[in-house]
Protein chains: 2
Amino acid sequence: MIDSIDIFGGETPSTIDGKGRTCIPAKFRDALANLSEDTRFIITKAAPVDLGDGTFGRGLSVYPLDTWAGIKKKILANEGGFTSAQLNSIKRQIVNPAEECSADKLGRALIPSSLRLHAELERDIWFVGMGQRFDIWSKGTYCRINAQDEKNFPLDSEALAAMGV
Amino acid sequence: MIDSIDIFGGETPSTIDGKGRTCIPAKFRDALANLSEDTRFIITKAAPVDLGDGTFGRGLSVYPLDTWAGIKKKILANEGGFTSAQLNSIKRQIVNPAEECSADKLGRALIPSSLRLHAELERDIWFVGMGQRFDIWSKGTYCRINAQDEKNFPLDSEALAAMGV
DNA sequence: ATATATTTCCCATGCAGTGGAAAAATGTGG
DNA sequence: CCACATTTTTCCACTGCATGGGAAATATAT
């Protein structure tokens, strides 16, 4: 059973060129085209990941236009029941930085420079399918996140058995 | 689904030159032109942001002429139901400082010196899309706001999950 | 009335973003 | 293992935005 949270999957290494463009992996492009005629998407900041050494790994999240519209609506309607100070903080962190983008005829997209800077994307990057969205990380950051995950929450047989793996 | 609150989006770094001029980012100019033939706008003081150390970050908010007219009308009609002392305070804080501006033929606007001073705009600044308006912050203030947001209300998985992210 | 400061307009320049072509790499089927 | 198709990367040329400076026009002060 494939449902709507299974749209984007898999990890794909890629690169960003000197002008900040990157080739969206073909399977993600196909998934976007599958989902809707409108293949535009929204790029924004991903939730920072605690690297365990007092620093945070920063990356980007990419949503199909409609998916983002739904999320934004929920945030603005404060479905999480936050205080107004918290809600403003959330807006500043992920709603305001969001930018609408699209791929050119060759499947490339320009990552807006402010977001490129935020995620420290220079050359080598990873695309990571996350179900209803996909994330973009610099290679270095993604390596550190993986190492931290392994140390922090090792997947032993117990943990896996609890989920029928 | 794109609606009227999605006009201005994204963060753009820029500068103010020695004459107090700044180039309005092209996408914001386009959005203004899209919205109405009259591309004038209103600049006023933004709501100060608590920086957590007893100080406040001050910036500016920019509204299309029509949008501002609607907001001003609501304020003056006291739709918020404030006491008259509160209402006067609100007027002094954001209605009175408001100034009408426009971009020159090259897309640059002169920020009135009183507002420049209020927001401590010197050289490096950020334009931040906020939906129906956009804000202008000095680079230093904007950095402090972001740092404060992260410290104060980190976007962890819990917070985001509450909103379907 | 004259000097000084402020604002507006225009030009020149550098650089970021856009698009296409083609080479290189990768995957696919025979 | 080879031939072919697709995807990804690199390269180059072009457009348009951003930026700084000079000069004209306007306002303000002396």
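The sequence lines fix the lettering, A, B, ..., with proteins before strands; numbering per chain opens at 1. Below, each value reflects all heavy atoms present in this structure, side chains not excepted, and no hydrogens, waters or symmetry copies.
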Legend entry - Under the side-chain hydrogen bond (donor to acceptor under 3.5 Å, both in side chains) test, residues paired with B:Asp38 that sit two or more places apart: B:Arg40

Inset, instruction - Please name all residues satisfying side-chain hydrogen bond (donor to acceptor under 3.5 Å, both in side chains) with A:Glu120, sequence neighbours left out, ordered by chain then number. - result: none

Legend entry - Nearest-Å distance for atom pair CG/C1', residues A:Asp104 and D:dT10: 14 Å

Legend entry - Minimum-distance nucleotide to B:Cys23 side chain [options: D:dC17, D:dT9, D:dT19]: D:dT19

Legend entry - Partner set under side-chain contact (heavy atoms from CB on, under 4.5 Å) for A:Leu110, not counting sequence neighbours: A:Arg21, A:Arg116

Inset, instruction - Check whether any side-chain nitrogen or oxygen of A:Ser14 sits under 4.0 Å from OP1 or OP2 of D:dT9, and answer yes or no. - result: yes

Legend entry - Integer-rounded Å distance: C:dA22 C1' and A:Leu106 CG: 10 Å

Legend entry - Electrostatic pair B:Glu11-A:Lys45, nearest N-O below 4.0 angstrom: yes

Legend entry - Members sharing B:Phe56's hydrophobic cluster (side chains within less than 4.5 Å): none

Inset, instruction - Could you pull out all residues at least two apart from B:Ile90 that satisfy side-chain contact (heavy atoms from CB on, under 4.5 Å)? - result: B:Ile75, B:Phe82, B:Ile94

Inset, instruction - Let me know the distance between CD of B:Glu99 and P of C:dT6, rounded to the nearest Å. - result: 15 Å

Legend entry - Partners meeting side-chain contact (heavy atoms from CB on, under 4.5 Å) with A:Ser61 (sequence neighbours left out): A:Ala46, A:Tyr63, A:Arg133, A:Asp135

Inset, instruction - Using heavy atoms and a sub-4.0 Å distance, could you list which residues of residues 108-121 of chain A are near DNA chain C? By number, please. - result: A:Arg108, A:Leu110, A:Arg116

Legend entry - Interatomic distance, A:Ile16 CD1 vs D:dT8 C1' [rounded to whole Å]: 14 Å

Legend entry - Nearest-angstrom distance from the residue atom CZ of B:Phe28 to P of D:dC17: 15 Å

Inset, instruction - Output yes when at least one side-chain N/O atom of A:Lys105 is less than 4.0 Å from OP1 or OP2 of C:dG19, else no. - result: no

Inset, instruction - Just jot down the side-chain hydrogen bond (donor to acceptor under 3.5 Å, both in side chains) partners of B:Glu150, sequence neighbours excluded, or say none. - result: A:Arg58

Inset, instruction - Have a look at B:Ile24 and say if it touches a base, only the backbone sugar-phosphate, or nothing, with a 4.0 Å heavy-atom cut-off. - result: sugar-phosphate

Inset, instruction - Check salt bridge (Lys or Arg N to Asp or Glu O under 4.0 Å) between B:Glu122 and all other residues, then give those that pass, not counting sequence neighbours. - result: none

Could you go through nucleotides 22-29 of chain D and list every protein N or O atom that sits under 3.5 Å from one of its N or O atoms, giving the distance for each pair?
from   : atom 1 : to      : atom 2 : distance (Å)
D:dG22 : O6     : B:Lys19 : NZ     : 2.5

Legend entry - Neighbour count above 12 (heavy atom, 6.0 Å) for B:Lys27 NZ: yes

Inset, instruction - Would you mind reading off the bend of the helix from C:dA1-D:dT30 to C:dG30-D:dC1 from its two end axes, five pairs each, to 10 degrees? - result: 30°

Legend entry - Of all pairs that satisfy ring pair (Phe, Tyr, Trp, His ring centres under 6.0 Å), the ones with a partner from residues 85-116 of chain A, not counting sequence neighbours: none

